[in-house]
Structure formats: structure tokens, C-alpha cells
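The structure appears below as C-alpha cells.
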Amino acid sequence: MSTDEFGRVRSWTLEPTKPRFVPPPGAVDAHCHVFGPMADFPFSAKAKYLPQDAGPDQLFALRDMLGFERNVIVQASCHGTDNSATLNGIARSNGKARGVAVVDPAISETELALLHAGGMRGIRFNFLKRLVDDAPKDKFLDVARRLPAGWHVVVYFEADILEELRPFLDAVPVPLVIDHMGRPDVSQGPDGADMRAFRALLDSRPDIWFKATCPDRLSPQGEPYDDFVAAVAPLVADYADRALWGTDWPHPNMEHRIPDDGGLVDVIPRIAPTAELQQKLLVDNPMRLYWAD
Ligand SMILES: O=C(O)c1cc(C(=O)O)oc(=O)c1
């Protein structure tokens, strides 16, 4: 694990390998983050981790090396509800990044419009207790009802609270995107209880999307992530028009098991084995959600 003299942690490799898989033209890394740089964009006082800087320059260099063209930058929990670092990343991308914000539910319509102008197209609700202090469902629903046209809600939760969250998810009046598939136990296989519950959620509404992401977080086996591939490939095949993919760089909280980003890209052709599936996963689906205008 790499911690600097200020106790700031690095959760990403400085030497990612070049993937064998070549993404189709226009491929979107639809789940990544930026950390800081802290001198310009300090972390939240409530942050649960203190990372080293992982700013837009590093993100865009990785994007190019991996063969991607666009990023969707998701506001990381360490920046709380101050979206300046994410907006800075979008602003510096020459139109090649859009974002997902985290907001105080009391945010005004004017501030939401500013986030839209800055390239945000959704907000994220985080239900992981190790990342946020509280997740007020009633306030979340209030702001979900006031979003700019075309926005969606990204939700991050773990499989053990999916049933409890169902009434809340049912009540969200805009499309939903589920981070990391709601963290199923992939060792249960494609027909395990967690995947069945997740499929039931997807079947409940046609406008629920998911990120087929994070083998590094979800695979007990680790590389080459055979358990993840076995559980997730059928989901991508069956819900091909609703699947997104992303690196999750700089892999918050993964300092003890830092993944190789090239290795993550090489999982793509195993969960999306045909050119048609790859085109949907990496280009058509994220473009519909994030670059509709
Ligand atoms: O599982 C995590 O630790 C994690 C954290 C964050 C964040 O801090 O925003 O985002 C993610 O997508 C995943």
C-alpha cells in the first residue's frame, strides 16, 4: 500500500498495462473519478479517505492509453457535495467528459442549472455506510423530483439492502443507474440469489441501467476474475441496452488490492463477447445517457 508522508493514500497503479482489447471508436469510460488536486480542490471535512491527487491530466492520459475517447466523471465521496473538482475535470476535457454530481438535497434550481451547464447529467445517491454518514431517502426523493430535464439518478448500494431500498427506488421519477450492479456476491454465480434479486429490479422498470463494473471489488477470486465474468456476462447479454462500463479509476479504497487498469479493460470482451454488445456497452448506451444533447 502506498501512503505518503501526509497520510494520503494511493489506490491506483502508476504502471497500468496496455490492454489487448481495442475498444470501438468513441468508447466511453462511464465510471471514473478525480481526486483534487487537493491544493485547488480540498477534500470534504466528512471524507472517509484521504487520497493522493488523481486529477484530470492523469485521468485523460489513462483514457488515451486504454483506447477510450470519453469519460463520465462521478463525484467521489471524498469531495462531499462540493462538485468543483469534478466540474474542473469536465471543463478541461474539451467536451470529452460529462459528470454525475453529489448534491445537498436542498440545492436550488439555479444551482442545478449551473451544474447542467458544467456538464453534469445526473446525481448520485450513496447508501454505503463506510462512505457517507447519512442517506435521507425522503430528501433524496425531493431533489430527484426537481432535476433538470434529461437527468438521471445514480445509486450506490450493497446487495444486502436491495429489498429494503425497493420502495425508494420505485419512487424515483427519473431513470436509475445502479453502480457496480448493487455489489452482488458474484461467487454465487449467474443464477445466485443476488443476481436473481438484481434481475427482478431490472425487470420492474425499463429505465433502470447498470454498470457492469468493478471485478476488482466484486471478485473474491481476483484476477483474471473468472467468477465475475461467469456472473456478469449473462446480465450484459440479457440487458444489452441498459449496461454501462467504466474503469472506476482511481479505484477509491482499493489501496490493498490495486487493480491493473489494462487488465480491467481486458475483462470487457469476456462480459461482452460480440462487437454488437461491445458497441452498446461502450458507445451507444453511455452516449444515450450522457451526450443526448
Ligand atoms: O466502494 C468504494 O469504496 C467506492 C467509493 C466511491 C466514492 O468514494 O465515491 O465510489 C465508488 O464507485 C466506489
Side-chain angles (χ1 to χ4, degrees), residues 1 8-12 28-36 38 41-56 59 62 71-90 97-104 120 122-135 140 152-162 176-186 194 209-220 222 225 228 232 243-259 261 264 267 286 289-290:
M1 157 164 153
R8 296 176 62 193
V9 170
R10 177 167 56 77
S11 51
W12 61 97
V28 182
D29 174 352
H31 185 95
C32 52
H33 315 276
V34 289
F35 298 154
M38 190 174 84
F41 307 105
F43 297 108
S44 163
K46 295 181 183 169
K48 304 294 185 236
Y49 55 94
L50 184 61
Q52 294 176 23
D53 290 339
L59 176 64
L62 180 77
N71 297 103
V72 178
I73 307 177
V74 177
Q75 167 83 352
S77 65
C78 57
H79 279 294
T81 56
D82 178 349
N83 292 280
S84 321
T86 301
L87 288 167
N88 174 61
I90 299 168
R98 289 227 153 136
V100 174
V102 174
V103 301
D104 178 336
M120 298 293 192
I123 56 170
R124 187 188 205 197
F125 298 149
N126 189 335
F127 285 91
L128 267 68
K129 292 196 172 69
R130 67 178 166 81
L131 296 174
V132 290
D133 293 330
D134 57 344
F140 283 171
H152 60 272
V153 160
V154 174
V155 191
Y156 190 20
F157 59 84
E158 290 175 321
D160 62 344
I161 66 160
L162 172 54
L176 285 163
V177 177
I178 311 298
D179 272 346
H180 319 323
M181 300 165 288
R183 299 190 62 115
D185 177 355
V186 296
D194 286 359
W209 307 55
F210 64 95
K211 296 178 187 163
T213 36
C214 291
D216 49 318
R217 294 186 193 279
L218 301 179
S219 160
Y225 309 122
F228 177 92
V232 173
L244 305 167
W245 187 89
T247 54
D248 185 41
W249 188 89
H251 314 291
N253 299 305
M254 290 299 287
E255 55 271 14
H256 296 290
R257 278 190 304 150
I258 295 177
D261 299 284
L264 294 176
V267 174
L289 259 189
Y290 291 97

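Both ligands and their constituent atoms are indexed starting at 1 by order of listing.
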inquiry  = Yes or no: does His180 have any heavy atom under 4.0 Å from an atom of ligand 1?
reply    = yes
Those atoms of ligand 1 less than 4.0 Å from some heavy atom in [X]:
X: Arg130; answer: 1 (O), 2 (C), 3 (O)
X: His31; answer: 12 (O)
X: Arg183; answer: 1 (O)
X: Ser77; answer: 7 (C), 8 (O), 9 (O)
X: Ala76; answer: 9 (O)

ask   = Does the separation of the ring centres of His180 and His31 fall below 6.0 angstrom?
value =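 Ring-ring flag for His180/His31: true, centres closer than 6.0 Å.
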Flag side-chain contact, heavy atom, 4.5 Å: Phe41 against Asn88 = yes
query = Below 4.5 Å, heavy atoms only, C-beta onward: do Asp248 and His33 meet side chain to side chain?
reply = yes
message = Rounded at 0.5 Å granularity, tell me how far CZ in Phe157 sits from CG in Leu128.
response = 10.0 Å
Closest protein heavy atom to [atom], given as residue, atom name and distance to 0.1 Å:
atom: atom 11 (C) of ligand 1; value: Arg124 NH2, 3.3 Å
atom: atom 6 (C) of ligand 1; value: Pro252 CG, 3.7 Å
atom: atom 2 (C) of ligand 1; value: Arg217 NH1, 3.3 Å
atom: atom 5 (C) of ligand 1; value: Leu131 CD1, 3.5 Å

message = For the 3.5 Å polar cut-off, considering only N or O atoms, please tell me whether Asn253 and ligand 1 meet it.
response = yes
request  = Using distance alone, decide if ligand 1 has a nitrogen or oxygen within less than 3.5 Å of any nitrogen or oxygen in Asn126.
outcome  = no
Could you tell me whether a side-chain N or O of [X] sits under 3.5 Å from a main-chain N or O of [Y], the two making a donor and an acceptor?
X: Arg8; Y: Pro51; value: yes
X: Asp53; Y: Gly36; value: no
X: Gln75; Y: Asp82; value: yes

request  = Search all heavy atoms of Cys32 against all heavy atoms of Asp29 and return the closest pair with its distance.
outcome  = CB-OD2, 3.9 Å
task = Would you kindly specify which portion of Asp248 sits under 4.0 Å from ligand 1, judged on non-hydrogen atoms: side chain, backbone, both or neither?
result = side chain
query = Pick from Arg183, Arg124, Lys211: which one makes a side chain to side chain donor-acceptor pair (under 3.5 Å) with Tyr156?
reply =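 Among Arg183, Arg124, Lys211, the one meeting side chain to side chain donor-acceptor pair (under 3.5 Å) with Tyr156 is Arg183.
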